[in-house]
Amino acid sequence: MYSGTAVVPGIGVGPVVRPAPRPTAPEHEEAGDPSVTTVAFGTAAAEVARRLRARSKAASGAASEVLSATATLAEDRGLATFVTKHATQGAGPATATTAAIEELAAMFTAAGGLMAERVTDLYDVRDRIVAELLELPEPGIPVPDEPSVLLADDLAPADTAGLDPARIVAIATELGGSTSHTAIIARQLGIPCVVAVTDLHDVTAGDRVAVDGSRGTVTVDPDEAQVAALVEEDRRTREAAAGWTGPGRTADGHEVQILANVQDGAGARVAAEQPIEGVGLFRTELSFLDRSTEPTVDEQADIYAAVFEAMGDKKVIVRTLDAGSDKPLAFANQPDEPNPALGVRGLRIGLADPAMLDRQLDGIAAAQARTGADVRVMAPMVTTEAEAQWFAERVRARGLLAGIMIETPSTVLLADRMFRHLDFVSIGTNDLSQYTFAADRMAPTLSDLTDPWQPALLASIKLVADAGRRAGKPVGVCGEAAAHPLLACVLTGLGVTSLSCAATAVRPVGAKLAQVTLAQCEAAAEAALAAPDHARAAQAAAEHLA
Ligand code: PEP
Ligand code: MG
């Protein structure tokens, strides 16, 4: 049995398939006429982009965006320039493409954060273009005849986005973390998934395996009776999830709002089909990642209004731009930083350029006025009481309710004082883990530390929930932790009043909560808090929530 980080709950059993081998540029490719090489590259890159765009159109939500972003990379002007340079120096088309991608990848890696993460996408684009140039079949994931389990070192978004959940019944990867592309897309497709599995390369294609996306395990040649029991348990869980109609409450009637995380109007319309009570996190920056200039107040108002309209009279918590670190925004004037996760990101950009924050708040207020929606606004990456007060005053000046994200230990420690200025808070467990454990949230080798079951993270959440209770104000969780059904029960036991997660996680979370009492949630929380590590916290909690 192999263990990793559980990211999408559920059981998948079947023979292993692995992505098709990637083409390599021939060792001694004949140098051609540079202009012919440049044209050959251009034609192949355009064909690759065309195919990715066609798949993007057929997909939806995050999958669709990831595919179109990868298509854009294939047509990157910088890439074409590098290819021309190598062609002029005498390289043939496949060699020039490989060398050019290497150069671009080095630049992306040096930039760090989200750019560095896109290196996987770059290599994917390289392989597709080289295969096209060499007239080889398109590399990627085979389409198996029988339901199969996909194992890989890591998956390119272009592969994961096109997956058919009827044929690929589970995914396990050796790399990646709970917030990696693989995890995000598997969650959107509802495919059970485990990432950061050590030694997974020992398992070969054709082996029969069982992936348990709740416990984070991959079992080779599993015991058939055990598998049957797990599959039956999974079937019952899925049935309960499908039948759950909301609103969020425990079996004994303790209310917990279940909300969705969205990034645009299209995502909000998909989320609105789920039994949610609103949006707990609208990540506004994700609408602007491809913008080189700041959108006008009117443009912003249109984008925000699309989300508000989708939610009707349900509440929407808008987060102001969380630019910086892994989400660089071209127009946000971010300084060149050696360590962007600890640099000018989130509200710090607003503090440096208050006029830009004001324009965003004006856009949000205009969209609210247009739609009459129930809108609240929160700031990311707050660290001091003064920042919370400064932000809240600006939001209130526009007649809106104000909150902050709790993502730093400093705001946990002063939670009581934060509440003096705020109407609500929402805990961003992804970043709170990263800053509490001094561990990069994207690093697969540190994923044990950034696992949301870590007792120190749970203890931080309890401090904030207690402060919320004293202040009589709501405390939400909108990080990935809220998407795990068992963890959602523990968060409820810790005193959290709302859970905001990906739309596909809404029903599994709501259905699990409906099966347990508040007393069970509290006992599970107490047991998890007392555990010596994340794995034993999860085990101890599960015993109380069976
Ligand atoms: C978080 O940090 O938990 C969060 C929800 O914000 P993001 O994942 O967008 O950084
Ligand atoms: Mg965050």
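These numbers come from a predicted model, not from an experiment. When a ligand or atom number is given, it counts from 1 through the structure's own listing order.
Within the 4.5 Å cutoff, no side-chain heavy atoms of P452 are placed close to those of E480. Two residues are said to be in side-chain contact when any heavy atoms from C-beta on lie closer than 4.5 Å; D76 and L104 meet this criterion.
Here K315 does not pair with E277 in a salt bridge; the nearest charged N to carboxylate O distance is not below 4.0 Å. The pair D322-R348 does not meet the salt-bridge criterion, since no charged nitrogen lies less than 4.0 angstrom from a carboxylate oxygen. Checked for salt-bridge contact, D466 and K462 meet the test: a charged N lies under 4.0 Å from a carboxylate O.
With sequence neighbours left out, the ring pair (Phe, Tyr, Trp, His ring centres under 6.0 Å) criterion links Y304 to F282. Qualifying side chain to side chain contact (heavy atoms under 4.5 Å, CB included) partners for L413, counting only residues two or more places apart in sequence or in other chains: none.
Below 3.5 Å of separation, one finds an N or O of R283 facing an N or O of ligand 1. Geometrically, ligand 1 and E407 share a nitrogen or oxygen pair separated by less than 3.5 Å. Considering backbone and side-chain N/O of R345, none are found under 3.5 Å from N/O of ligand 1.
Counting atoms of ligand 1 from 1 in the listed order, those under 4.0 Å from a heavy atom of L281 are 5 (C). Against a heavy-atom cut-off of under 4.0 Å, C478 is close to the following atoms of ligand 1: 5 (C). Residue R441 has at least one heavy-atom neighbour below 4.0 Å for each of these atoms of ligand 1: 2 (O), 7 (P), 8 (O), 10 (O). Of all atoms in ligand 1, listed by their number and element, those nearer than 4.0 Å to a heavy atom of G428 are 1 (C), 2 (O), 3 (O).
At a 4.0 Å heavy-atom cut-off, ligand 1 does not touch Q434 at all. At a 4.0 Å heavy-atom cut-off, ligand 1 does not touch L432 at all. Residue Q263 does not touch ligand 1, judged by heavy-atom distances below 4.0 Å. Under 4.0 angstrom from ligand 1, the non-hydrogen atoms of D322 all belong to its side chain.
Note that the CD1 atom of I461 and the OG1 atom of T429 stand 6.0 Å from one another [nearest 0.5 Å]. Here the CZ atom belonging to R398 is positioned 4.5 Å from the CG atom belonging to D362, to the nearest 0.5 angstrom.
Residue E480 places no heavy atom under 4.0 Å from ligand 1.
In summary, the side chains of T284 and Q360 do present a donor paired with an acceptor at a separation below 3.5 Å, with no hydrogens or angles considered.
Here the Mg ion (ligand 2) has protein N, O or S atoms under 2.8 Å from it, and they come to 2.
Legend: salt bridge (charged side-chain N to carboxylate O under 4.0 Å, His left out) pairs involving residues 422-435, not counting sequence neighbours, sorted by first then second residue: R345-D431, R396-D423, D431-R441.
Within 6.0 Å of NZ in K512 there are more than 12 heavy atoms belonging to other residues, nucleotides or ligands.
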